[in-house]
Every structure is written in structure tokens, then in C-alpha cells.
Amino acid sequence: MPTITVKLFEGRPVEVKKELAVALTRESCRVLGCEPGAVDILFEDVKKSDWATGGVLWSERD
């Protein structure tokens, strides 16, 4: 049913992604009334040089 895409800066440990996947799945099932097997979560690692906020690349921030 739902497919959730999570984009975050590269370098997060697998354990953190697993914990987030469990939490997102649990809450999606609670709100949507679906089974855990229906929830897909895609993690996309993004380099800081490929992400800008307010016109400034994250790789150029302090």
C-alpha cells in the first residue's frame, strides 16, 4: 500500500535506518490500518554537495 521515500544525508548507520523503518512501518499501519508487509520504505542517501537549502549547498555550510 504505502511507499515511503526517505532522503537523508549519506553516512547514517544501518542501525539508524532500521530503527526508522520500524517506526515508520508501525505508525503507517496504525494510521492507515494496513499490515506491515504492505509498507515499503526506500532510503535514498544524498551527498551534502547534492542538497541545497535556501540556495546554499549543505557542503558549504559550517
Side-chain angles (χ1 to χ4, degrees):
M1 188 202 284
T3 300
I4 301 168
T5 303
V6 179
K7 296 183 181 190
L8 30 81
F9 292 137
E10 63 184 352
R12 302 285 172 111
V14 171
E15 295 79 18
V16 170
K17 292 179 182 180
K18 287 169 69 171
E19 184 176 347
L20 182 56
V22 168
L24 290 172
T25 299
R26 180 181 58 245
E27 289 305 301
S28 294
C29 292
R30 182 184 68 78
V31 172
L32 299 173
C34 62
E35 295 297 318
V39 180
D40 291 316
I41 300 172
L42 306 174
F43 290 101
E44 295 182 10
D45 288 344
V46 180
K47 295 178 186 177
K48 287 186 176 186
S49 60
D50 292 335
W51 192 320
T53 301
V56 179
L57 293 172
W58 279 91
S59 59
E60 297 177 350
R61 294 175 181 258
D62 294 335

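If you read the sequence from its start, that first residue is 1, and numbering goes on from there.
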Are any of the side-chain nitrogens in E10 or K47 under 4.0 Å away from the carboxylate oxygens of its partner?
-> no
Cationic N near anionic O, under 4.0 Å, E27 to R30 | yes
By salt bridge (Lys or Arg N to Asp or Glu O under 4.0 Å) - contacts of D50 (at least two apart) =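 Counting only residues at least two positions away or on another chain, D50 forms no salt bridge (Lys or Arg N to Asp or Glu O under 4.0 Å).
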Do I4 and M1 sit in the same hydrophobic cluster, where Ile, Leu, Val, Met, Phe, Trp and Tyr count as joined when their side-chain heavy atoms come under 4.5 Å apart?
->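 They do not share one cluster, since no chain of ILVMFWY contacts under 4.5 Å joins I4 to M1.
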Indicate if L24 and L8 have the same hydrophobic cluster label, given that clusters are the connected sets of ILVMFWY residues with side-chain heavy-atom separations under 4.5 angstrom.
-> yes
Please report the shortest heavy-atom distance between [X] and [Y], naming the atom on each side.
| X | Y | result |
| --- | --- | --- |
| F43 | K17 | CZ-O, 3.3 Å |
| S49 | L57 | O-CD2, 3.5 Å |
| C29 | E35 | SG-C, 3.5 Å |

With sequence neighbours excluded, tell me which residues meet side-chain hydrogen bond (donor to acceptor under 3.5 Å, both in side chains) with T53.
->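 For T53 the side-chain hydrogen bond (donor to acceptor under 3.5 Å, both in side chains) partners, ignoring immediate neighbours, are W58.
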Of all residues at least two apart in sequence or in a different chain, which pass the side-chain hydrogen bond (donor to acceptor under 3.5 Å, both in side chains) check with E19?
->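 E19: no side-chain hydrogen bond (donor to acceptor under 3.5 Å, both in side chains) contacts found.
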Rounded distance [0.5 Å steps], CD1 in I41 versus OG1 in T25 = 3.5 Å
Would a 4.5 Å heavy-atom cut-off, applied to side chains only, mark K7 and W51 as touching?
->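 Yes, their side chains come closer than 4.5 Å.
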